[in-house]
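Structure, as structure tokens:
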Amino acid sequence: MRMIALLLAAALPSLAAAQDVPRLTQPVNDFAEVIDASSERGIEERIRALERASGDVVIVATVETFAPFGSIEEMAVRMFETAGIGQKDQDNGALILVAVNDRKVRIEVGYGLEEYLTDAFTGQTIREVITPRFRQGEMGQGLLEGTNALVNRVAARRGVAIERAR
């Protein structure tokens, strides 16, 4: 019996790693159903404009919880890798992930965008742009403004113009 308990304990971390994550099929993947239609259109418009201008990709996803993963960071990495966000040879993608019930936000950035979307910049965007809107009950608007911050930063650093700027 003790051997079974030890085997189970050893297997638990790998079971969480093997967990499936929701499939990211669109620029906006609102699995938690918290983004209003207008904000969703705006987010998608900005993401597609950046992709046309520079080839860089941003994906937004909401989930109810990051469970069974140990943290939102673990789930974000798994989603990022599973979806293959960005161009494979350039790793030029970013994922904004919100775990609504856990009240957590994570921006996962591929190596190709790390010089533009630094940990400091993404942390500041979460704290000063996204989270204040969430506190006001405006999840869609917070994600739209957060997406705008990322898109504008990448576009400026790449030296490309984004059509229909908001």
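Keep in mind that what you see is a predicted model, and the values were worked out from it rather than measured.
- The two residues Val21 and Met79 have their closest heavy-atom pair at CB-CG, 3.7 Å.
- Side-chain atoms of Leu117 and Val154, non-hydrogen and from C-beta on, do get closer than 4.5 Å to each other.
- Residues Ile72 and Lys104 come closest through the heavy atom pair CD1-O, 3.4 Å.
- A distance of 9.5 Å separates CZ of Arg106 from CG of Leu95, quoted to the nearest 0.5 Å.
- Looking at residues two or more places apart in sequence or on another chain, you find a side-chain contact (heavy atoms from CB on, under 4.5 Å) between Gln124 and Arg127, Glu128.
- Within a 6.0 Å radius of CG in Asp89, other residues, nucleotides and ligands contribute more than 12 heavy atoms.
- The side-chain hydrogen bond (donor to acceptor under 3.5 Å, both in side chains) analysis of residues 132-143, with sequence neighbours excluded, yields the pairs Arg133-Glu138, Arg133-Glu145, Gln141-Glu145.
- Across every non-hydrogen atom of Ile130 and Gly146, the tightest pair is CG1-CA, 3.7 Å.
- For the pair Arg153 and Phe121, the cation-pi criterion (under 6.0 Å, within 45° of the ring axis) is fulfilled.
- Contact check for Val63 versus Pro22: side-chain heavy atoms found under the 4.5 Å cut-off.
- Rounded to the nearest 0.5 Å, atoms CG (Asp36) and CG (Leu144) are 8.5 Å apart.
- Judged as a side-chain hydrogen bond (donor to acceptor under 3.5 Å, both in side chains), the pairs with a partner in residues 91-101 (not counting sequence neighbours) are, in order, Asp56-Asn92.
- Of all non-hydrogen atoms in Glu44 and Val28, the two that sit nearest each other are N-CG2, 4.0 Å.
- In the hydrophobic clustering of ILVMFWY residues, with side-chain heavy atoms under 4.5 Å counting as a link, Val58 and Tyr116 come out together.
- Note that CD1 of Ile59 and CD1 of Ile47 are 6.0 Å apart. Values are rounded to the nearest 0.5 Å.
- Under 3.5 Å, the side chains of Arg23 and Asn29 contain no donor-acceptor pair of N or O atoms.
- Note that OG1 of Thr62 and CD of Glu40 are 9.0 Å apart. Values are rounded to the nearest 0.5 Å.
- Note on Val77: it does not cluster hydrophobically with Leu113, by side-chain heavy-atom contacts below 4.5 Å among ILVMFWY residues.
- Taking CD of Gln90 as the start and OG of Ser54 as the end, the distance is 9.5 Å to the nearest 0.5 Å.
- The closest side-chain heavy-atom distance from Thr122 to Glu108 is not below 4.5 Å.
- In the hydrophobic cluster analysis, where Ile, Leu, Val, Met, Phe, Trp and Tyr join through side-chain heavy atoms closer than 4.5 angstrom, Leu143 is grouped together with Val100.
- Both Ile126 and Val34 sit in one connected hydrophobic cluster of ILVMFWY residues. Membership requires side-chain heavy atoms under 4.5 Å apart, directly or through other members.
- Both Phe31 and Met75 belong to a common hydrophobic cluster when Ile, Leu, Val, Met, Phe, Trp and Tyr are linked at side-chain heavy-atom distances under 4.5 angstrom.
- Closest approach of Phe80 and Val109 over heavy atoms only: CZ-C, 4.2 Å.
- The two residues Gly140 and Ser39 have their closest heavy-atom pair at C-OG, 3.2 Å.
- The CD1 atom of Ile43 sits 4.5 Å away from the CD1 atom of Ile35 when rounded to the nearest 0.5 Å.
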